[in-house]
Amino acid sequence: MHLLLAAGFTFTGLIQQVVSGAGAGAVYATLALALVLIYRAMDVANFAQGEMAMFSTYIAYALVGGDFGLLGTKLGFNGLHLGLPQAFWIAFAIAVVASFGLGILIERVLIRPFEGAPLLTLVIVTLGLFSIVNGLAGFNWGYVFKTFCCPFPQSAVNAGGVSFNYTDLGIIAVTVVILVAMAVFFRYTKLGLAMRAASLYPESSRLVGVRTSWMLALGWGLSAAVGAVSGILVAPVVFLDPNMMQSVLLFAFAAAVLGGIESPVGAVVGALLIGILLALVGTYIPGGENLRTPFALLIIVVVLLLRPAGLLGRPETRRV
Amino acid sequence: MAPPDSASRNGHALLELRDVHASYGPIRALHGISLAVPAGSVVALLGANGAGKTTTLRAVSGMVKTQGSVQFEGHEITNGRPEDVARLGIAHVPSGRGTMTQLTVWENLQMGAYVRRDRGAIRRDFDRVTGYFPWMRERRHQVAVTLSGGEQQMLAIGRALMMRPRLLLLDEPSLGLAPLIVRQIFEIIATINREEQLSTLVVEQNANLALKIAARAYVLEVGRIVLEGSASELSRHESVRKSYLGI
Ligand SMILES: Nc1ncnc2c1ncn2[C@@H]1O[C@H](COP(=O)(O)OP(=O)(O)OP(=O)(O)O)[C@@H](O)[C@H]1O
Ligand SMILES: [Mg+2]
């Protein structure tokens, strides 16, 4: 209580923190959904997920601002950009589709040779991918902050003394759309069903003609596309630089673990909780800004100890 | 690729294995077996534990490293990928049924129709399959893990039928099931063969039942075929009676 009072606690202040925490949480949620897609496909935590999202964001940034970095200078197409009123959203769409293709390419080139390898090998491959992508972005665009603005109006609506800014609301809405789209895809489409079956029952799936290896590539493609959304949405908030997604990735991991890394709904619920908790920690604990990262790690450890399947994960074994 | 008429030259065999060897790394499981499944008939493959029955089916589906020749409808499919072999029209119900346990009954059946695009025909095949297994109709939204062993076996056969295969490979459909259920399942296999002329290669330790529904049979012993003949010949054969019929 003393801490709270010291920080100047008010009830609307608390609600305000919850709202902006949920907005941040929605960003973690999209990246967590990307992690869940790959985890469900191959049981591997993709440490390169954040960097892939960062790279996707640079694609969108380049299309909007015409800054293609070193490559653009060499080839002489810097300055070319989408000069349309809806440039941001067109670039967004192109970047998401391009990321889908790049995700498939990454799986075919880097992951496929390791099909059937021990999980540790695959994890190390994703760590390698992490530094490759980070290095490529840094080499091309440099390790300087770029501004990349703005998908949503930079203003807020007021309701009962709490201000909801459009960025938070927009990000939450996009996250919900992705979650629903994923649920529909996996539950109601033949391809989604086959992707689930291919990861859970690879042998039976192949015996009915499923090309399981391509299902994995498709999983990487979808994951890269979903991750791209999180990068592009967060960039206007945190500025664009090659390391921008690293803390987001940590929070997304915490979210996925908390909600259940197999469960898309769980990942989103986990991410919103983490976003809100981090906002509260940052506000109400003196020096709390610096405690956010250790706090996220603490959540990962505690969940893994007490409830490894997460809040919404089903605590049963997958492979029979 | 074999000439397309080789199937007819070899007496209309739909599936033909010639001098097939198979090994799991250094462990050799098949030492040159030859067998044929004529179009439209049920062939039984008998043998004790570890004889190589499962390995024979796996050699057909490309799930084990194989030397020699496996031909389906005159096409060489030796060491084909399982998904490609399946797409050619071979439905393999693996030992242990390969139930997609977390999917529903209907989703399991849908997976059988995965490579097909003919929606209307898939619907009709669902009706056809549930004609053989009526319980699946009202329980199509039940998660497969909650089915009994016998029901899972039936579901695996139903899933295979949804593929509209030209050859059905069944690996020990009697495994772990009560005698009454086993008899039911064999009756259905015989009915399907009779009504649809679906060629079937069935692996069994339960020689009694297998010989009743099969036209021909082969007996495997440690990776070699030691006996073959018509089902009636084999069921009269002294060593088969002793070893596999328990008479
Ligand atoms: N994955 C594997 N790795 C190594 N050896 C194997 C493997 N699978 C089978 N074998 C060996 O190959 C031989 C044939 O096995 P197979 O499974 O084909 O026998 P089976 O006739 O189907 O027996 P059962 O009636 O017990 O199912 C056995 O000696 C077995 O130990
Ligand atoms: Mg076997």
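Chain identifiers are assigned alphabetically (A, B, ...) following the order of the sequence lines, protein sequences preceding nucleic acid strands; residue numbering begins at 1 within each chain. All values below were derived from every heavy atom in this structure, side-chain atoms included, with hydrogens, water molecules and symmetry-related copies excluded.
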Enquirer: So, taking the atom named CZ in B:R87 and the one named CZ in A:R211, what distance separates them when rounded to the nearest 0.5 Å?
Expert: 4.0 Å
Enquirer: Report which part of B:R159 has an atom under 4.5 Å of a heavy atom belonging to chain A: side chain, backbone, both, or neither.
Expert: side chain
Enquirer: Could you check which of B:G62, B:A86, B:S61 has the highest count of heavy-atom pairs closer than 4.5 Å to chain A?
Expert: B:A86
Enquirer: By number, which residues in residues 26-35 of chain A have some heavy atom less than 4.5 Å away from chain B?
Expert: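 Counting heavy atoms that sit under 4.5 Å from chain B, no residue of residues 26-35 of chain A is involved.
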Enquirer: Taking the side chain as every heavy atom from C-beta outward, state whether B:M111 and A:R196 have any atom pair closer than 4.5 Å.
Expert: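 Result no, sub-4.5 Å side-chain heavy-atom pair not found.
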Enquirer: Would you say CZ of A:R187 has more than 12 non-hydrogen atoms from neighbouring residues, nucleotides or ligands within 6.0 angstrom?
Expert: no
Enquirer: When you compare the side chain of A:E203 with that of B:H92, does any pair of heavy atoms fall below 4.5 Å?
Expert: no
Enquirer: Work out which heavy atom in B:V115 is nearest to a heavy atom in A:G209; give both atom names and the distance.
Expert: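 Heavy-atom minimum between the residues: CG1-O, 3.7 Å.
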Enquirer: Would a distance-only check, ignoring hydrogens and angles, find a side-chain to backbone donor-acceptor pair under 3.5 Å from A:K190 to B:R117?
Expert: no
Enquirer: Distance only, no hydrogens: is a donor on one side chain within 3.5 Å (strictly under) of an acceptor on the other, for B:T101 and A:Y201?
Expert: yes
Enquirer: Please determine, among B:P165, B:P82, B:G98, B:A113, the option with the most heavy-atom pairs under 4.5 Å with chain A.
Expert: B:P82
Enquirer: Contact between B:M100 and A:L193 at the side-chain level, heavy atoms closer than 4.5 Å - yes or no?
Expert: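 They are not in contact (no side-chain heavy atoms under 4.5 Å apart), so the answer is no.
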Enquirer: Considering only heavy atoms, which portion of B:M63 lies under 4.5 Å from any heavy atom of chain A: side chain, backbone, both, or neither?
Expert: side chain
Enquirer: Where does B:M163 contact chain A at under 4.5 Å (heavy atoms): side chain, backbone, both or neither?
Expert: side chain
Enquirer: Strictly by ring pair (Phe, Tyr, Trp, His ring centres under 6.0 Å), give each pair with a member in residues 98-120 of chain B just once, sequence neighbours left out.
Expert: B:W106-B:F126
